[in-house]
Amino acid sequence: QVQLAESGGGLVQAGGSLRLSCAASGRTFRLYNMGWFRQAPGKEREFVAAVSSSGGLTPYADSVKGRFTISRDNARNTVTLQMNSLKPEDTAVYYCAGTVGGPMTVMSQYNYWGQGTQVTVSS
């Protein structure tokens, strides 16, 4: 089992950058595919980005492709989401999640979730 804790959210102006981090507990972190999802007010939670257990695969949602970068450090049990050129529509609670298998872009495949961190982008 793995426990996840996000950090790094905050308020930023449009065009700015934020770096989200997800710290994971447990010795098996390296076996998990990890993902970031987000949920805006009044909307369903949606996929943002994911990274495979080895770091070799990194799918992105079309809405963030070219602006966000996901990475992981298996030695430090961390996953990072670097967000650049932020837009007001990126405003949401961002969640880190882990899965042992299945399509990384599918929310229902994820077994473990963090509590979320708020990202607010002002125009």
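Excluded from the calculations below are hydrogen atoms, water molecules and symmetry mates; all remaining heavy atoms, backbone and side chain alike, are included. Remember, predicted model here, so these are calculated numbers, not experimental data.
Both V93 and M107 are part of a single hydrophobic cluster, where members link through side-chain heavy atoms under 4.5 Å apart. Under a hydrophobic-cluster definition in which Ile, Leu, Val, Met, Phe, Trp and Tyr are linked whenever side-chain heavy atoms come within less than 4.5 Å, directly or via other members, W113 and V2 are assigned to different clusters. Using a 4.5 Å cut-off between side-chain heavy atoms of Ile, Leu, Val, Met, Phe, Trp and Tyr, with links allowed through other members, L86 and I70 fall into the same hydrophobic cluster. Both F68 and M34 sit in one connected hydrophobic cluster of ILVMFWY residues. Membership requires side-chain heavy atoms under 4.5 Å apart, directly or through other members.
Scanning all heavy atoms of the two residues, the minimum distance from T69 to Y60 falls at CA-OH, 3.3 Å. In plain terms, the two heavy atoms of G114 and Y95 that are nearest each other are O-CD2, 3.6 Å. Here the closest non-hydrogen pair linking Q118 and T91 is NE2-CG2, 4.0 Å. Scanning all heavy atoms of the two residues, the minimum distance from G101 to Q109 falls at O-OE1, 3.6 Å. Listed here is the closest heavy atom pair of V51 and V79: CG1-CG1, 4.3 Å. The shortest heavy-atom contact between A24 and F29 is CB-CD1, 3.3 Å.
If you take CG on L4 and SG on C22, they are separated by 4.5 Å, rounding to the nearest 0.5 Å. Atom OG1 of T99 is separated from atom CG of N111 by 5.0 Å, given to the nearest 0.5 angstrom. From Q1, atom CD reaches atom OG of S25 across 8.0 Å, with rounding to the nearest 0.5 Å.
Judged by distance alone, the side chain of D90 and the main-chain N or O of V64 form no donor-acceptor pair under 3.5 Å. In this structure, N33 contributes its side chain and V100 its backbone to no donor-acceptor pair below 3.5 Å. Under a 3.5 Å cut-off, the side chain of T117 and the backbone N or O of Y94 do not form any donor-acceptor pair. In this structure, the side chain of S52 engages the main chain of L57 through a donor-acceptor pair within 3.5 Å. At distances below 3.5 Å, at least one donor-acceptor pair connects side-chain atoms of R67 with backbone N or O atoms of S63. A donor-acceptor pair under 3.5 Å is formed between the side chain of E6 and the backbone N or O of C96.
Between F37 and Y110, the ring-plane angle classifies as perpendicular under the 30° and 60° cut-offs.
T78 and D73 share no donor-acceptor pair across their side chains, judged by distance under 3.5 Å alone.
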Worked check of side chain to side chain contact (heavy atoms under 4.5 Å, CB included) between Q82 and S17: CA-CA 8 Å; Q82 177 66 43; S17 298; 4.0 Å; yes
Can you list the steps and then say if L18 with V119 is a side chain to side chain contact (heavy atoms under 4.5 Å, CB included)? CA-CA 8 Å; L18 279 176; V119 171; 3.8 Å; yes
Given side chain to side chain contact (heavy atoms under 4.5 Å, CB included), test R38 with E46 step by step and report yes or no. CA-CA 5 Å; R38 67 186 182 187; E46 65 177 3; 2.7 Å; yes
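Judged by the 6.0 Å and 45° rule, R72 forms no cation-pi pair with Y32.
Looking only at side-chain heavy atoms (C-beta outward), L81 and R19 stay at 4.5 Å or farther from each other.
Enclosure of atom CD in E89 by more than 12 non-hydrogen atoms of other residues, nucleotides or ligands within 6.0 angstrom is indicated.
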